[in-house]
Peer 1: 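I'd like to ask some things about the structure below.
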Amino acid sequence: KKMAKEVTDKEENYSLWYNNLVVKADLAENSAVRGCMVIKPYGYAIWEKMQAALDKKFKDTGHVNAYFPLFIPKSFLSKEAEHVEGFAKECAVVTHHRLMNSPDGKGVVVDPSAKLEEELVVRPTSETIIWNTYKNWITSYRDLPVLCNQWANVVRWEMRTRLFLRTAEFLWQEGHTAHATREEAIEETDKMVNVYADFAREFMAVPVIVGSKTASERFAGAIDTRCIEAMMQDGKALQAGTSHFLGQNFAKAFDVQFAGKDGKLDYVWATSWGVSTRLIGALIMAHSDNNGLVLPPKLAPIQVVLVPIFKGEEELTLMREHLQKIKTGLEAKGISVKLDDRDNLRSGFKFAEWELKGVPVRIAVGPRDMQNGTVELARRDTLEKQLLPLDGVVEHVEKLLVEIQENIYKKALTFREQNTFKVDTYEEFKTRIEKGGFFLCHWDGTAETEAKIKEETKATIRCIPAGAEPETGKCMVTGKPSVQRVVFARSY
RNA sequence: CGGGGUAUAGCGCAGUUGGUAGCGCGCCACGUUCGGGACGUGGAGGCCGUGUGUUCGAGUCACAUUACCCCGACCA
């Protein structure tokens, strides 16, 4: 009750959602390590569902999984100039490999004699070590393409961390591919950003805008960065995934050349792409309400919870048997079901608890239902309850899960549409950006104008949308000509 | 890294002019309850973030330090 009240009081404060809802909702808790998080089993189960769905999509598009080392020799990182510049400020570095008893007898200290000859960087991303490896894998056009993905953790020592959105350590997948031609690599970049967009829509029920980053927002070392951008319920944008066309930058830095059919040597063309546990943050911020999480059925660790209403052990025993049958029926359809038969909690408490955890469907059965052959069915997305005959409940739930998945997607899409505006003057932009939302505006294409807007409004160009209709216009700031609208927003 | 705040029981918090710690929730036991977060009685649980000072005496005062939160700066 207290949590719900606080959230209502400060509806737009997502930090509060994290601290008072998410943490309590058993998703994660702060660990002692700076900016890192413990992901509790319930939260990790969501990640596992995401992994399974993404991994299938990667396999379906011809990719394979591999694993590369956590530690990267410092010298590797400096081989690609832009790359090192982008990451240098946020690297954790291993300098020693041994501890010793402290001379003053208090605990242990780093043994100065165990200094590493070359420091090791804890990977902030794996391009360098992977391209150093690919050098030995690729000699001929017959070795191409190389289409690898790895599921891993990375470390970025950000100045400021935020639960799920920017933790010092996070889990992600990173795909790294090598191609014989520029066209093929660009096609791959495009293909994978669309895989992410499909995943967001189909599984997370989050609509996203696909587009390209401007030069100033690009990945360090990339020629082009494709991204998916999602709108959170406070109108802010969240970058949910990226796919980079790396050109021949890394191939040249790590000397990865192959012999073509004509016998001539050429550098390979590269891409990399990734999504992280930030997606869990996106999921929460896109759908949750003041009763807690709202999870899309396709990613919910528990899709249906069964709550008995009973008094006394005898009734509970009867109810258990009864509910177990329903559970078996649902499970036969591949639905994940939790039977909450705890005897020390009242049903009302359980209702609130499972709502907090975002379980899409709840079935409650009491003595009255036993007599009448009914069940009470409640859906998390609308909080509607309905009394149903027991017969056919499995089929009904099956349909309902699909409906909930669609409904929360539509809700998120409608919200985004209602908060997306075409704006043509800078004055109007400056006023309306305060209330959040996506703004489709004309921009003259210069970094100077982009920087000025960021400086004055805190809004950035989230992306230059792909496949948008060309529309000639004038930059809202400088009045210079523009050929299409770009997406401006404040972001996380 | 700059500004502000916090650190006392598993969680949320009190703790007055310095005098060796308390409340609510939760937990354990028993009983009454049970269709939207039940109640009674009893019980367990604390090096007051860490260090150094001041003092007869520090949760309380001073200094330092660490961690976390918020706002910036920074950023896949």
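Order of the sequence lines sets the chain letters (A, B, ...), proteins ahead of strands, with each chain counted from 1.
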Peer 1: Which is true for A378(A) with a 4.0 Å heavy-atom rule: it touches a base, it touches only sugar-phosphate, or it touches nothing?
Peer 2: nothing
Peer 1: Distance check, P atoms only: G59(B) and G51(B), in whole angstrom units.
Peer 2: 12 Å
Peer 1: Could you check which residues of residues 241-250 of chain A get a heavy atom under 4.0 Å from RNA chain B? Sort them by number, please.
Peer 2: G241(A), T242(A)
Peer 1: Give me the distance, rounded to whole Å, that separates G10(B) from G53(B) when you measure between the P atoms they each carry.
Peer 2: 29 Å
Peer 1: Quick check on C69(B): syn or anti? Syn means the glycosidic torsion is within 90 degrees of zero.
Peer 2: anti
Peer 1: Would you mind reading off the distance between N372(A) atom CG and G35(B) atom C1', rounded to a whole angstrom?
Peer 2: 12 Å
Peer 1: To the nearest Å, give me how far apart CD (Q386(A)) and C1' (G35(B)) are.
Peer 2: 17 Å
Peer 1: Whole-Å distance between C34(B) C1' and E314(A) CD?
Peer 2: 15 Å
Peer 1: When the C1' atoms of U8(B) and C48(B) are compared, how many Å lie between them, rounded to an integer?
Peer 2: 4 Å
Peer 1: Are F58(A) and W273(A) close enough that their ring centres sit under 6.0 Å apart?
Peer 2: yes
Peer 1: Think R362(A) forms a cation-pi with F351(A), using NZ or CZ under 6.0 Å from the six-ring centre and within 45 degrees of its axis?
Peer 2: yes
Peer 1: Ignoring hydrogens and angles, tell me if any N or O in the side chain of S78(A) forms a donor-acceptor pair with the backbone of S75(A) under 3.5 Å.
Peer 2: yes
Peer 1: Who passes salt bridge (charged side-chain N to carboxylate O under 4.0 Å, His left out) against K452(A), sequence neighbours left out?
Peer 2: E456(A)
Peer 1: Taking U55(B) as the reference, what is the distance to G19(B) when you measure between their C1' atoms (whole Å, please)?
Peer 2: 12 Å
Peer 1: Mind checking the P distance from G3(B) to C63(B)? Whole angstroms is fine.
Peer 2: 16 Å
Peer 1: Can you check the E90(A) CD to C1(B) C1' distance for me, whole Å?
Peer 2: 15 Å
Peer 1: Which nucleotide in the list G36(B), A76(B), G35(B) gets nearest to the side chain of P367(A)?
Peer 2: G35(B)
Peer 1: Test of understanding: with salt bridge (charged side-chain N to carboxylate O under 4.0 Å, His left out), list the residues that count as partners of R346(A), not counting sequence neighbours.
Peer 2: none
Peer 1: Going through the distances and angles, do F429(A) and F488(A) end up as a ring pair (Phe, Tyr, Trp, His ring centres under 6.0 Å)?
Peer 2: CA-CA 10 Å; F429(A) 179 81; F488(A) 282 91; 5.4 Å; yes
Peer 1: Mind checking if F310(A) touches a base, just sugar-phosphate, or nothing, with heavy atoms under 4.0 Å?
Peer 2: base
Peer 1: Describe the nucleic acid contact of K213(A) in one word from base, sugar-phosphate, nothing, applying a heavy-atom distance below 4.0 Å.
Peer 2: nothing
Peer 1: Quote, to the nearest angstrom, the P distance that separates C25(B) from U50(B).
Peer 2: 28 Å
Peer 1: Under 3.5 Å, which N/O atoms of the protein pair with N/O atoms of nucleotides 40-45 of chain B?
Peer 2:
none

Peer 1: Under 3.5 Å, side chain of N372(A) to main-chain N/O of R368(A), donor-acceptor pair present?
Peer 2: yes
Peer 1: May I have all residue pairs that pass side-chain hydrogen bond (donor to acceptor under 3.5 Å, both in side chains) and include part of residues 202-213 of chain A, sequence neighbours excluded?
Peer 2: K57(A)-E202(A), S212(A)-D224(A), S212(A)-R226(A), K213(A)-E229(A), K213(A)-Q239(A)
Peer 1: Please name all residues satisfying salt bridge (charged side-chain N to carboxylate O under 4.0 Å, His left out) with E85(A), sequence neighbours left out, ordered by chain then number.
Peer 2: none
Peer 1: Roughly how many Å apart are C70(B) and C13(B), using the P atom of each and rounding to a whole number?
Peer 2: 14 Å
Peer 1: Please confirm whether any donor atom in the side chain of E355(A) sits under 3.5 Å from an acceptor in the base of G36(B), or the reverse.
Peer 2: yes
Peer 1: Answer yes or no: is there an ion pair linking R218(A) with E82(A), defined by an N-O contact shorter than 4.0 Å?
Peer 2: no
Peer 1: Quick one: on RNA chain B, does S491(A) or S347(A) contact a more 5' nucleotide (nearest heavy atom)?
Peer 2: S347(A)
Peer 1: Taking protein heavy atoms under 4.0 Å as touching, what does nucleotides 25-33 of chain B look like 5' to 3' if B marks base contact, S marks sugar-phosphate-only contact and - marks none?
Peer 2: --------B
Peer 1: Quickly work out the E217(A) CD to A76(B) P distance and round it to whole Å.
Peer 2: 7 Å
Peer 1: Salt bridge (charged side-chain N to carboxylate O under 4.0 Å, His left out) with E217(A): which residues, sequence neighbours excluded?
Peer 2: none
Peer 1: Using the test side-chain contact (heavy atoms from CB on, under 4.5 Å), find all partners of R379(A) that sit at least two apart in sequence or belong to another chain.
Peer 2: D381(A), T382(A), E384(A), L400(A), E403(A), I404(A), N407(A)
Peer 1: Suppose you measure atom C1' in G15(B) against the same atom in G22(B); what distance do you get, rounded to whole Å?
Peer 2: 7 Å
Peer 1: Mind checking side-chain contact (heavy atoms from CB on, under 4.5 Å) for V146(A) and listing every partner two or more places apart, or none if nothing turns up?
Peer 2: Y134(A), W137(A), I138(A), L144(A), C148(A), A178(A)
Peer 1: When the distance from NE2 of H83(A) to C1' of C75(B) is rounded to whole Å, what number comes out?
Peer 2: 14 Å
Peer 1: Nearest to the E353(A) side chain among A76(B), G37(B), C74(B), which nucleotide is it?
Peer 2: G37(B)
Peer 1: Whole Å only: how far is the CZ atom of F349(A) from the C1' atom of G35(B)?
Peer 2: 17 Å
Peer 1: Run through RNA chain B and report every stem of 3 or more consecutive Watson-Crick or G-U pairs, distances under 3.5 Å, ordered by first number.
Peer 2: B:1-7 with B:66-72, B:10-13 with B:22-25, B:27-32 with B:38-43, B:49-53 with B:61-65
Peer 1: Can you list every ring pair (Phe, Tyr, Trp, His ring centres under 6.0 Å) pair that touches residues 195-220 of chain A, not counting sequence neighbours?
Peer 2: H83(A)-F219(A), F87(A)-F219(A), F199(A)-F203(A), F219(A)-H244(A)
Peer 1: Passes salt bridge (Lys or Arg N to Asp or Glu O under 4.0 Å), R320(A) versus D343(A)? Steps please.
Peer 2: CA-CA 11 Å; R320(A) 262 205 197 106; D343(A) 60 3; 5.5 Å; no
Peer 1: What's the verdict on salt bridge (Lys or Arg N to Asp or Glu O under 4.0 Å) for K252(A) and E80(A), showing C-alpha distance, side-chain angles and the deciding distance?
Peer 2: CA-CA 9 Å; K252(A) 284 177 180 167; E80(A) 213 288 329; over 6 Å; no
Peer 1: Please determine whether any donor N or O and acceptor N or O are separated by less than 3.5 Å between the side chain of R278(A) and the base of A76(B).
Peer 2: yes
Peer 1: Find the distance I228(A):CD1 to A76(B):P and express it as a whole number of Å.
Peer 2: 17 Å
Peer 1: Tell me what E315(A) touches on the nucleic acid: a base, only sugar-phosphate, or nothing, going by heavy atoms under 4.0 Å.
Peer 2: nothing
Peer 1: Where the side chain of A352(A) is defined as all heavy atoms beyond and including C-beta, which of C75(B), G35(B), G37(B) is the nearest nucleotide?
Peer 2: G37(B)
